[in-house]
Participant: 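Take a look at this one; I'll ask things after.
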Amino acid sequence: PVFKEKIRSIRYFGRLNLNRYKSIAEVCRALDKINSENGTDYTVEIFCKEPDENIKSEFRNIQSAKFSGFLLGKEFEEKLFGADVLLHVEAFDSASIDRVKHSVSTKIADSLASGIPVFAYGPSCVASIAHLIRNNCGIVATDSAELKEKLYKLFFDGDYRKTSSIRNIEVAKKYHNPQIVSKKLHSLLSDKKTEALNENSTSK
């Protein structure tokens with residue numbers, strides 16, 4: 001991957017459902033504070049379908065949030081791989097947590113494998129966030145208290161960002177390589193089949 005010494009923005013791709021937009025808004029508000037204190041103009045670029053009025057109201061008076069349209073195909077790939085930083089978020093309300101707490105989005109795998117720095121914000125009990133923390137990859141904030149601090153390190157500490165990106169690639173190779181995952185699944189199924197055969201022979 002090509003490491004950028006200076007970054008200008010974070011990019012989010014995807015839907016805003018399950019209250020993810022609220023977490024994105026929190027990231028943007030924290031970034032507004034950093035911009036105000038440091039005279040910077042960092043942004044969060046949000047590529048999604050046209051948000052409804054309820055979502056728009058959440059971002060009222062937020063300066064760093066920049067909405068763009070939903071992308072497909074080559075245009076999506078260009079924006080994705082041209083990103084300075086990729087953003088992953090999960091919501092903190094109990095209903096949203098229940099919906100996603102056991103699943104790790106395929107977007108996580110793609111983001112880690114890209115070599116682009118990944119910034120994540122969400123509760124540690126959700127599988128995708130727990131996966132990043134457990135494997136020491138991504139730059140992760142799990143509550144509002146540490147959000148500004150982690151964003152500050154993301155934008156102002158190039159070595160920290162580079163180390164995180166290298167770790168992302170290592171984790172992607174270990175856990176998200178299709179061939180390795182396929183072999184592990186085959187081995188697991190073979191073991192289960194052997195166990196079942198042994199149980200049947202013993203019971204006879």
Participant: Output the distance between atom CZ (Arg99) and atom OG (Ser94), rounded to the nearest 0.5 Å.
Facilitator: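 Here the interatomic distance stands at 12.5 Å.
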Participant: Write down the atom of Ile129, the atom of Ala120, and the distance for their closest heavy-atom approach.
Facilitator: CD1-CB, 4.0 Å
Participant: May I have the step-by-step check of side-chain contact (heavy atoms from CB on, under 4.5 Å) for Tyr12 and Cys48, ending in yes or no?
Facilitator: CA-CA 8 Å; Tyr12 177 84; Cys48 62; 5.6 Å; no
Participant: For residues Leu151 and Ala30, report the shortest heavy-atom separation together with the two atoms involved.
Facilitator: CD1-CB, 3.6 Å
Participant: Is it true that Ser96 and Asp93 share a donor-acceptor pair across their side chains at a distance under 3.5 Å?
Facilitator: yes
Participant: Are side-chain heavy atoms of Val44 and Ser9 found at a separation under 4.5 Å?
Facilitator: no
Participant: Do Asn135 side-chain atoms and Val171 backbone N/O form a donor-acceptor pair below 3.5 Å?
Facilitator: no
Participant: If we ignore hydrogens and angles and just use 3.5 Å, is the side chain of Asp143 paired with the main-chain N or O of Ala145 as donor and acceptor?
Facilitator: yes
Participant: Any chance NZ of Lys107 has more than 12 other-residue heavy atoms, nucleotides or ligands included, within less than 6.0 Å?
Facilitator: yes
Participant: State the CG-CG distance between Leu86 and Leu80, to the nearest 0.5 angstrom.
Facilitator: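 Separation between the atoms: 5.5 Å.
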Participant: Tell me whether Glu170 is salt-bridged to Arg167, with the criterion being a basic N under 4.0 Å from an acidic carboxylate O.
Facilitator: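 Here Glu170 pairs with Arg167 in a salt bridge, since their nearest N and O are under 4.0 Å apart.
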Participant: How about Ser164 and Pro117: do any of their side-chain heavy atoms sit closer than 4.5 Å?
Facilitator: no
Participant: Please report whether the ring centroid of Phe76 lies less than 6.0 Å from that of Phe13.
Facilitator: yes
Participant: Distance check, rounded to the nearest 0.5 Å: Asp159 atom CG versus Thr163 atom OG1?
Facilitator: 6.5 Å
Participant: Heavy-atom count around Asp52 CG within 6.0 Å, excluding the residue itself: above 12?
Facilitator: yes
Participant: Can you list the residues that meet the side chain to side chain donor-acceptor pair (under 3.5 Å) rule with Glu37, with sequence neighbours excluded?
Facilitator: Lys148
Participant: Going only through I, L, V, M, F, W and Y residues with side-chain contacts under 4.5 Å, is there a path from Ile139 to Ile116?
Facilitator: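 Not linked; separate clusters.
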Participant: Measure the CG-CG distance between Asn168 and Leu132 for me, rounded to the nearest 0.5 Å.
Facilitator: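 Output value for this atom pair is 8.0 Å.
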Participant: Before accepting this row, confirm whether a basic side-chain N of the pair Glu50/Lys56 lies closer than 4.0 Å to the acidic partner's carboxylate O.
Facilitator: yes
Participant: Is it the case that the ring center of Phe59 lies less than 6.0 angstrom away from the ring center of Phe67?
Facilitator: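 Yes.
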Participant: Does one side chain, of Glu53 or Ser57, offer a donor that lies under 3.5 Å from an acceptor on the other?
Facilitator: no
Participant: Carefully, step by step, assess Ile62 and Leu31 under the rule side-chain contact (heavy atoms from CB on, under 4.5 Å).
Facilitator: CA-CA 9 Å; Ile62 293 178; Leu31 196 54; over 6 Å; no
Participant: Is it true that a side-chain atom of Lys49 and a backbone atom of Phe70 form a donor plus acceptor pair closer than 3.5 Å?
Facilitator: no
Participant: Within this structure, what is the OG-OH distance for the pair Ser64 and Tyr42, rounded to the nearest 0.5 Å?
Facilitator: 12.5 Å
Participant: Step by step, would you call Phe156 with Asn38 a side-chain contact (heavy atoms from CB on, under 4.5 Å)?
Facilitator: CA-CA 11 Å; Phe156 294 99; Asn38 295 275; 4.0 Å; yes
Participant: Considering all heavy atoms of both residues, which atom of Leu154 and which atom of Ile10 are nearest to each other, and what is their separation?
Facilitator: CD2-CD1, 3.8 Å
Participant: For residues Ile24 and Phe47: do they belong to one hydrophobic cluster (side chain heavy atoms under 4.5 Å, members Ile, Leu, Val, Met, Phe, Trp, Tyr)?
Facilitator: no
Participant: Does one hydrophobic cluster hold both Ile7 and Val118, with members joined at side-chain heavy-atom distances below 4.5 Å?
Facilitator: no
Participant: Flag the pair Asp84 and Lys4 as a salt bridge only when some basic side-chain nitrogen lies within less than 4.0 angstrom of an acidic carboxylate oxygen.
Facilitator: yes
Participant: Should the ring pair Phe92 and Tyr121 be called parallel, tilted or perpendicular, given that the plane angle runs from 0 to 90° and is split at 30 and 60?
Facilitator: tilted
Participant: Between Ser124 and Ala130, what is the shortest heavy-atom contact and its length?
Facilitator: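 Scanning both residues, the minimum pair turns out to be O-CB, 3.4 Å.
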Participant: Could you check whether any side-chain heavy atom of Glu26 comes within less than 4.5 Å of a side-chain heavy atom of Leu147, counting everything from C-beta outward?
Facilitator: yes
Participant: Would a 4.5 Å heavy-atom cut-off, applied to side chains only, mark Ser68 and Ile46 as touching?
Facilitator: no
Participant: Given the rule in the side-chain contact (heavy atoms from CB on, under 4.5 Å) test, do Val100 and Ser128 qualify, once you have shown the distances and angles that lead to the verdict?
Facilitator: CA-CA 8 Å; Val100 302; Ser128 59; over 6 Å; no
Participant: May I ask you to check whether His88 and Ser111 show a side-chain donor-acceptor distance below 3.5 Å?
Facilitator: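 His88 vs Ser111: no donor-acceptor pair found between side chains.
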Participant: Using atom types as modelled and distance alone, determine if a side-chain donor or acceptor of Glu146 lies under 3.5 Å from a backbone N or O of Thr142.
Facilitator: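 Side chain of Glu146 to backbone of Thr142: a pair is present.
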Participant: I'd like to know if the side chain of Tyr21 pairs up with that of Asn54 as donor and acceptor (distance under 3.5 Å, no hydrogens or angles considered).
Facilitator: yes
Participant: Considering only NZ, NE, NH1 and NH2 on the basic side and carboxylate oxygens on the acidic side, decide whether Lys66 and Glu45 come within less than 4.0 Å.
Facilitator: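 Salt bridge: no.
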Participant: Can you tell me how far the OH atom of Tyr152 sits from the CD1 atom of Ile34, to the nearest 0.5 Å?
Facilitator: 8.0 Å
Participant: With Glu58 as reference, evaluate Lys22, Arg29, Arg20 under the salt bridge (charged side-chain N to carboxylate O under 4.0 Å, His left out) test and give the passing residue.
Facilitator: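 Among Lys22, Arg29, Arg20, the one meeting salt bridge (charged side-chain N to carboxylate O under 4.0 Å, His left out) with Glu58 is Arg29.
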Participant: Are Phe81 and Leu87 linked, directly or through other ILVMFWY residues, by side chains that come within less than 4.5 angstrom of each other?
Facilitator: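 In one cluster with Phe81: Leu87, no.
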Participant: Examine Ile169 and Val85 and state if one hydrophobic cluster contains both, with Ile, Leu, Val, Met, Phe, Trp and Tyr joined whenever side-chain heavy atoms are less than 4.5 Å apart.
Facilitator: no
